[in-house]
Each structure stands twice: as C-alpha cells, then as structure tokens.
J.: 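Here's a structure for you.
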Amino acid sequence: MESARRLIEERALGRKIASVFAPDAWYLKRGLTAGALDAVLPGRTLTTARRRGKLMLVDTSDDGPVLGLHLGMSGRVLVDDEAAGDPLIYASNREVPAWHRFGLEFADGGSLYLRDPRRLGAVELDPDEDRLGVDAFDLTQSQLSRMLTASRAPVKAVLMDQARVAGLGNLLTDEALFRAAVDPARAADTLEATERRRLHRAVQSTLRHTTRRGGSHTGRLPRVVDEPCPKCGAPLLRRTVAGRTTYSCPRHQR
DNA sequence: GATGACCTGTGA
DNA sequence: TCACAGGTCATC
C-alpha cells in the first residue's frame, strides 16, 4: 500500500495524462463513469500522492479532482509496467491483460495501471476522506486507548474498523494481537492499561515490519490450524472473530 | 456491531 | 468441484 503510494510519487507525478483506460464499469464506484473520467483527467497531471489507510489519494493539477484508488486485497499499481513491493500473498503475480481494471496513459507514452485479479479494488473521484479514521501509522497511544475503553466489541473489531483506525486489515490485525499477546475476542474495554500500551507498540512494530518487507503481510503468526505457536508451541487456534477468519494462540494470547 | 454478498484465483 | 481468502457495503 505504502509502497504503491511511493511508486506513484516517484514515477507518476508531473506526467501529463493523455487518456483514461476504464473498461470495467463495476470498478468505478459512487456513480463514477468512464465518461466522467474522460471529461476531467486528460490534460492534467498528478501532483501529489497521499494515502489514508488503504485508500490512495492522488491530487490532480489545475484544481482538478482527487483520484481515489483502492487496491482491495489483490490490487497492485504498475507504473510503466513496473510493480511496487514484494509479491503479495493470496494474490497472483502473473501478467494477464484482462486484470488491468483501470489506467492512465501518459502523453510521454508511459502509463499507470491498476492490476487487480479479483476486482475488489475500486476507483472513485473526490472520495470522502473523513469516512476513514486516523491512519494506523499515525495512531497514538492515547487515541488507541480511548477507542478501546469506549467499546465492548471484540478488540479485533475495534482495530479493523476503518472509521476508527484506517489501514489495519485482517492479517495485520491478527499479527499485532499475536505480538501483543492479547486474545482477539477479548472485549476491548476489558484490556488493562499495560495491555493497551502493549497493543499500541505491537501495532507500530507490525506496521514497521511489513513496510520494511515492502508491504507484504507475511508475519510471525502462521495462518495454519494446529501449527505450533512460534512463541510458546501451543497448537494455533482458528475461528471467526468480528466476522473474519482469525488465527491466534490459545495459550499465550490472553 | 454483526452478518452476508460481492468477486474470482488458488489449491485441495 | 468447491471451499476459501480478503476489503467494503447494504442490511439487519
């Protein structure tokens, strides 16, 4: 995610858009059409690449619209046919032209494409940025503590709620809870102050770890039932928490 | 806040 | 052949 933003920042800013490639109407959200994109993007350049959680925000020149790009779980950004980051898990890295769901052709002959096998990504114009909470990278200890003490939901549900914290998905959340030794199903408001601090540190270290690996989600917690816990050896547990498949260690995550 | 639908490649 | 993966949205 962050590496995709950086790729756009380093390689795509300042290049004049010649045309828009938007063959997949389903991929355009909130009433957006290919015609609307054609009407506003050609002639402009991309000026800034920002990110809030999993939503990429690309500003355009001459008071143009903000281009919102969602990668979903399997989407990747390609600039001049070059991808960012490590190969993702749960996603194919093959080159299939039909997986190009959206793109910008630049006047210099280059391009920016979203390649997304499973079509779970999305493109929108002028996205409502405030539907997302604080970006996980900027989450402070006291912000997290307030969220936790204010909710009786499972701690995993609080971490995954994009309106509270933007950017933590299923895998990252499991990994952070594993590192913090906290049971994902614990009601958020039952965490002690020391556990809340530990969880904050675990979120930060998980994020640092994954960005260092180029945004890939591979962590310390194996997502395999009955695999021995790398920390204490107990067979790992698999269940549904907050509506998502959840792996945790039944012994040391309390 | 929980649940199921959406979508489609992957691997058993 | 089919269960499963994940982020988001509509619905309860």
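Please read these numbers as outputs of a predicted model, since none were measured by experiment. Order of the sequence lines sets the chain letters (A, B, ...), proteins ahead of strands, with each chain counted from 1.
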J.: Check the phosphate of C:dG6 against A:Ser74, side-chain N and O only, distance under 4.0 Å to OP1 or OP2. Yes or no?
T.: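 For C:dG6, OP1/OP2 do not have a side-chain N/O of A:Ser74 under 4.0 Å.
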J.: Distance check: side-chain N/O of A:Arg119 vs OP1/OP2 of B:dT8, anything under 4.0 Å?
T.: yes
J.: Calculate the interatomic distance between A:Arg186 atom CZ and B:dG1 atom P; express it in whole Å.
T.: 17 Å
J.: If the condition is ring-ring contact (aromatic ring centres under 6.0 Å, His included), which residues does A:Phe102 pass it with, not counting sequence neighbours?
T.: none
J.: Please report the interatomic distance SG(A:Cys249) to CG(A:Leu177), rounded to the nearest 0.5 Å.
T.: 12.5 Å
J.: Which nucleotide in the set B:dG1, C:dG7, B:dA2 lies at the smallest distance from any side-chain heavy atom of A:Met73?
T.: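 Per side-chain heavy atoms of A:Met73, the pick is C:dG7.
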J.: Over how many whole Å does the gap from A:Leu168 atom CG to C:dT8 atom P extend?
T.: 11 Å
J.: Under 4.0 Å: is that the gap between some side-chain N or O of A:Trp26 and OP1 or OP2 of B:dC6?
T.: no
J.: Ignoring backbone atoms, test whether A:Lys54 places a side-chain nitrogen or oxygen under 4.0 Å from the OP1 or OP2 oxygen of C:dT8.
T.: yes
J.: Taking salt bridge (Lys or Arg N to Asp or Glu O under 4.0 Å) as the criterion, tell me which of A:Arg5, A:Arg51, A:Arg52 meets it with A:Asp135.
T.: A:Arg51
J.: Pick the nucleotide of DNA chain C nearest each of A:Arg238 and A:Leu55; which residue has the one closer to the 5' end?
T.: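 That would be A:Arg238.
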J.: Can you find a donor-acceptor N/O pair under 3.5 angstrom joining the side chain of A:Arg244 to the base of C:dG6?
T.: yes
J.: Can you list every pair that meets salt bridge (Lys or Arg N to Asp or Glu O under 4.0 Å) and has a residue in residues 189-206 of chain A, with sequence neighbours left out?
T.: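 Those involving residues 189-206 of chain A are A:Arg186-A:Glu195.
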J.: Sequence neighbours excluded, which residues qualify as ring-ring contact (aromatic ring centres under 6.0 Å, His included) partners of A:His100?
T.: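 Residues passing ring-ring contact (aromatic ring centres under 6.0 Å, His included) with A:His100: A:Tyr113.
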J.: In whole Å, what is the span from the CE atom of A:Met160 to the P atom of B:dG1?
T.: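 For the pair A:Met160 CE and B:dG1 P, the rounded distance is 12 Å.
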J.: Given atom CD of A:Gln162 and atom C1' of C:dG7, what is their separation to the nearest angstrom?
T.: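 Taking CD of A:Gln162 and C1' of C:dG7, I get 8 Å after rounding.
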J.: Please enumerate all residues that pass side-chain hydrogen bond (donor to acceptor under 3.5 Å, both in side chains) together with A:Ser111, with sequence neighbours excluded.
T.: none
J.: Could you state the atom-to-atom distance from CG of A:Leu159 to P of B:dG1 in whole Å?
T.: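 After rounding, the gap between these two atoms is 12 Å.
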J.: What integer distance in Å separates A:Asn170:CG from C:dT8:P?
T.: 12 Å
J.: What is the distance, rounded to the nearest whole Å, between atom CG of A:Asp116 and atom C1' of C:dG6?
T.: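 Value for this atom pair: 11 Å.
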J.: How close or far is atom P of B:dA2 from atom CG of A:Asp161, stated in whole angstroms?
T.: 10 Å
J.: Under the side-chain hydrogen bond (donor to acceptor under 3.5 Å, both in side chains) rule, what pairs show up with a residue in residues 17-26 of chain A, not counting sequence neighbours?
T.: A:Asp24-A:Arg119
J.: Hey, does the side chain of A:Trp99 come within less than 4.0 Å of B:dT8's phosphate (OP1/OP2), counting only N and O?
T.: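 The answer is no; no side-chain N or O of A:Trp99 sits under 4.0 Å from OP1 or OP2.
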J.: Check nucleotides 9-12 of chain C against the protein and report each pair of N or O atoms closer than 3.5 Å, with its distance, or say if there are none.
T.:
{"residue": "C:dC9", "atom": "OP1", "partner": "A:Arg30", "partner atom": "NH2", "Å": "2.4"}

